[in-house]
Participant: 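My structure is below; once you've seen it, I'll send some questions.
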Amino acid sequence: MAENGKVSKLSVGEKSVQMPILEGTLGPDVVDVRKLYGDAGVFTFDPGFTSTASCQSKITYIDGDEGVLLHRGYPIEELARHSDFEEVSYLLLYGELPNKEQRANFVRGITYHTMVHEQLREFFRGFRRDAHPMAVMCGVVGALSAFYHDSTDINDPHQRMVASYRLVAKMPTIAAMAYKYSAGQPFVYPRNDLNYAENFLHMMFAVPAEPYTPNPILARAMDRIFTLHADHEQNASTSTVRLAGSSGANPFACIAAGIACLWGPAHGGANEAVLLMLEEIGSKDRVAEYVKKAKNKDDPFRLMGFGHRVYKNYDPRAKVMQETCHEVLGALGKQDDPLLELAMELERIALEDDYFVEKKLYPNVDFYSGIILRAMGFPTSMFTVLFAVARTVGWVAQWNEMIEDPMQKIGRPRQLYMGAPQRAYVPIEDRK
Ligand code: CMC
């Protein structure tokens with residue numbers, strides 16, 4: 001970031017304060033308010049961070065008005081079409097697309113970290129069989145911090161990279177174990193001859209009783225879903241990982257914090273919520289009723305999979321997801337899936353409705369992903385888990401970037417206090 005010579009002037013009572021304006025390579029300039037409190041004795045107020053840049057970053061850029069998403073400068077549509085998840089993971093972590101040798105070394109490094117410590121299996125047995133798999137993920141990924149002590153010196157770049165590889169590699173294994181545990185099936189070990197997406201499908205759907213060959217169309221779709229979810233700038237879970245990491249916390253524990261944040265229905269939990277909503281709507285003739293409900297301020301119902309804090313245009317990931325949805329359902333002979341028809345009708349009506357048009361509410365990445373995942377055989381409760389598997393590389397890339405940033409400080413927001421002013425303690429016998 002560079003000071004562009006422009007300054008912002010603010011009058012606070014009698015005081016006049018000048019703040020430098022900083023310029024990135026793309027996107028709006030930012031007013032550097034770091035000295036504001038020292039110079040003028042006031043804080044800025046921005047609940048939900050709608051106008052606050054919390055850090056500088058070189059990883060991902062979003063232009064929400066134009067519907068643009070770039071990873072290290074490359075548009076998501078091109079990465080989804082021409083690249084794959086392993087390559088995009090390398091790009092996010094190292095800043096450049098790998099050459100053949102770098103790619104081969106990286107894939108080998110990830111592949112050889114996919115097994116988990118055998119003792120970790122015992123953690124699963126502590127959960128009820130009907131536990132939500134995101135609850136299991138929070139617990140088991142947090143527990144990794146008690147296993148891999150040789151990769152927790154966050155000031156050692158090598159150890160940081162080892163922790164990053166471990167997290168990216170072990171997430172599919174843990175996710176599949178969470179599913180197998182809930183289904184009462186034996187855990188399936190990873191296979192080193194399969195790629196990342198194939199191996200995940202294998203650990204999810206193989207059983208010891210018969211051989212399993214991943215369907216190439218479904219493996220490609222899985223890979224694309226992972227690619228589309230790999231990173232998304234300073235969203236709630238990534239900011240959670242950065243905030244947890246800013247205190248110098250254990251990397252595995254930081255990712256567990258990110259998983260907890262992702263779980264909410266306003267964030268990663270939306271893909272599960274979309275499917276539950278479509279099932280509740282049930283048929284095309286009830287779409288108008290639900291669109292009306294979504295517009296009613298007295299009704300907490302929202303159209304899940306619609307709207308985004310940053311995109312005020314079609315989410316570019318949703319476009320690729322919609323294409324993938326048609327491909328997968330076609331390959332599985334499920335192109336007449338009534339839920340897909342319902343989703344398309346809902347999208348059509350909402351996109352023509354004044355409320356959604358005026359508020360610029362478009363389908364987001366989660367709108368179509370659930371339909372694909374359901375057709376592939378994933379239970380609804382696993383949808384957000386898949387998001388967590390894919391987003392782990394984004395989380396670790398952002399966490400590494402934060403630790404390397406010389407400007408990094410512990411994250412410590414301030415507040416506008418609205419509570420009681422100082423008062424004298426009241427003994428219990430004098431209280432009303
Ligand atoms: N249905 C109906 N109304 C909506 C919706 C929706 N899905 N989304 C936003 N609005 C309305 C909202 O009521 C508000 O109206 P008003 O200005 O009259 O008060 C206006 O649009 C702006 O919404 P907001 O809640 O102030 O915006 P936000 O930026 O804080 O929230 C959001 C963004 C994604 C949380 C929200 O759009 C939402 O709840 N969407 C449904 C959940 C969802 O699909 N989440 C997945 C996000 S994409 C995946 C990810 O990155 O995690």
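One-based numbering, in listed order, for ligands and for the atoms of each. Please read these numbers as outputs of a predicted model, since none were measured by experiment. The figures that follow rest on heavy atoms only: side chains count, while hydrogens, waters and symmetry mates do not.
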Participant: Just to confirm my output: which protein heavy-atom neighbour is closest to atom 48 (S) of ligand 1, and how far is it?
Facilitator: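 I find the closest protein heavy atom is His308 CD2, 3.4 Å.
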Participant: Answer yes or no: does atom OH of Tyr112 have more than 12 heavy-atom neighbours from other residues, nucleotides or ligands under 6.0 Å?
Facilitator: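 Atom OH in Tyr112 is not crowded, with 12 or fewer foreign heavy atoms closer than 6.0 Å.
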Participant: Does the side chain of Asp84 come under 3.5 Å of the side chain of Thr227 through a donor N or O and an acceptor N or O?
Facilitator: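 Distance-only check fails for Asp84 and Thr227.
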Participant: Are His232 and His308 close enough that their ring centers fall under 6.0 Å?
Facilitator: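 Between His308 and His232, which both carry aromatic rings, the centre distance is below 6.0 Å.
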Participant: So that I can tick it off, tell me whether Glu66 and Lys312 are bridged by a salt bridge, with the cut-off set at under 4.0 angstrom between side-chain N and carboxylate O.
Facilitator: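 No, Lys312 and Glu66 are not salt-bridged.
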Participant: What atoms in ligand 1 come closer than 4.0 Å to a heavy atom of Gly268?
Facilitator: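 In order of numbering, the contacting atoms are 52 (O).
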Participant: Among all protein non-hydrogen atoms, which one is nearest to atom 49 (C) of ligand 1, and what is the separation to 0.1 Å?
Facilitator: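 Checking every protein heavy atom, the shortest distance to atom 49 (C) of ligand 1 gives Asp366 OD2, 3.1 Å.
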Participant: Write out the residue and atom name of the closest protein heavy atom to atom 52 (O) of ligand 1, then the distance separating them to 0.1 Å.
Facilitator: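 Heavy-atom neighbour on the protein nearest atom 52 (O) of ligand 1: His267 ND1, 2.5 Å.
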Participant: Can you confirm if the aromatic rings of Phe127 and Tyr181 lie within a centre distance of less than 6.0 Å?
Facilitator: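 So the answer is no for these two rings.
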Participant: Determine, considering heavy atoms only, which of Ala318, Gly305, Ala294, Gly64 sits nearest to atom 2 (C) of ligand 1.
Facilitator: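 Result: the heavy atom closest to atom 2 (C) of ligand 1 is in Ala294.
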Participant: Which residue supplies the protein heavy atom nearest to atom 11 (C) of ligand 1, what is that atom called, and how far is it?
Facilitator: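 Ranked first by proximity to atom 11 (C) of ligand 1 is Tyr355 OH, 3.5 Å.
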Participant: Where is the nearest protein heavy atom to atom 7 (N) of ligand 1: which residue, which atom, and how far?
Facilitator: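 The protein heavy atom lying closest is Leu303 O, 2.7 Å.
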Participant: Touching ligand 1 at all, Phe301? Heavy atoms, strictly under 4.0 Å?
Facilitator: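 Phe301 does not count as a contact of ligand 1 under the 4.0 Å cut-off.
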Participant: To check your reading of the model: name the closest protein heavy atom to atom 19 (O) of ligand 1, its residue, and the distance in Å.
Facilitator: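 Of every protein heavy atom, Lys297 NZ, 3.7 Å lies nearest to atom 19 (O) of ligand 1.
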Participant: Which option out of Gly307, Ala266, Ala350, Ser369 puts a heavy atom nearest to atom 35 (C) of ligand 1?
Facilitator: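 Nearest heavy atom to atom 35 (C) of ligand 1 lies in Ala266.
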Participant: Flag this pair as yes if the NZ/CZ of Lys293 is under 6.0 angstrom from the six-membered ring centre of Phe301 and inside a 45 degree cone about the axis; otherwise no.
Facilitator: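 Yes, a cation-pi geometry.
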Participant: Looking at atom 10 (N) of ligand 1, what's its closest protein heavy atom, distance included?
Facilitator: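 Among all protein heavy atoms, the one nearest atom 10 (N) of ligand 1 is Leu361 CD1, 3.7 Å.
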Participant: Between the side chains of Thr60 and Asp231, is a donor N or O closer than 3.5 angstrom to an acceptor N or O?
Facilitator: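 Side-chain D/A pair, Thr60 to Asp231: present.
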Participant: From the options Arg309, Arg302, Glu358, select the one whose nearest heavy atom is closest to atom 25 (O) of ligand 1.
Facilitator: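 Checking each option, the heavy atom nearest atom 25 (O) of ligand 1 is found in Arg302.
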Participant: Run down the list Pro363, Ala270, Cys261 and name the one with the heavy atom closest to atom 43 (C) of ligand 1.
Facilitator: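 Residue with the shortest heavy-atom distance to the ligand atom: Ala270.
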Participant: Ignoring hydrogens and angles, tell me if any N or O in the side chain of Ser182 forms a donor-acceptor pair with the backbone of Tyr179 under 3.5 Å.
Facilitator: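 Judged by distance alone, yes, a pair lies under 3.5 Å.
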Participant: Would you say the ring centers of Phe106 and Tyr165 fall short of 6.0 Å from each other?
Facilitator: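 Here the rings of Tyr165 and Phe106 have centres that are less than 6.0 Å from each other.
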Participant: Can you tell which part of Phe367 has a heavy atom less than 4.0 Å from ligand 1: side chain, backbone, both or neither?
Facilitator: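 For Phe367, there is no contact with ligand 1 at all, from either part.
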Participant: Looking at atom 4 (C) of ligand 1, is any protein heavy atom nearer than 4.0 Å to it?
Facilitator: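 Protein heavy atoms within 4.0 Å of atom 4 (C) of ligand 1 - there is at least one.
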Participant: Under 3.5 Å, is there a donor-acceptor pair linking the side chains of Glu280 and Tyr290?
Facilitator: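 Side-chain D/A pair, Glu280 to Tyr290: present.
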Participant: Could you tell me whether a side-chain N or O of Asp32 sits under 3.5 Å from a main-chain N or O of Ile21, the two making a donor and an acceptor?
Facilitator: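 Side chain of Asp32 to backbone of Ile21: no pair is present.
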Participant: What residue and heavy atom of the protein are closest to atom 40 (N) of ligand 1, and at what distance?
Facilitator: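 The closest one turns out to be Phe306 O, 2.9 Å.
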Participant: With a cut-off of 4.0 Å, which atoms of ligand 1 are near a heavy atom of Lys359?
Facilitator: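 Under 4.0 Å from Lys359, ligand 1 has these atoms: 11 (C), 15 (O), 16 (P), 17 (O), 18 (O), 20 (C), 21 (O).
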Participant: Considering only heavy atoms, does Lys295 approach ligand 1 within less than 4.0 Å through its side chain, its backbone, both, or neither?
Facilitator: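 Looking at Lys295 and ligand 1, no heavy atom falls under 4.0 Å.
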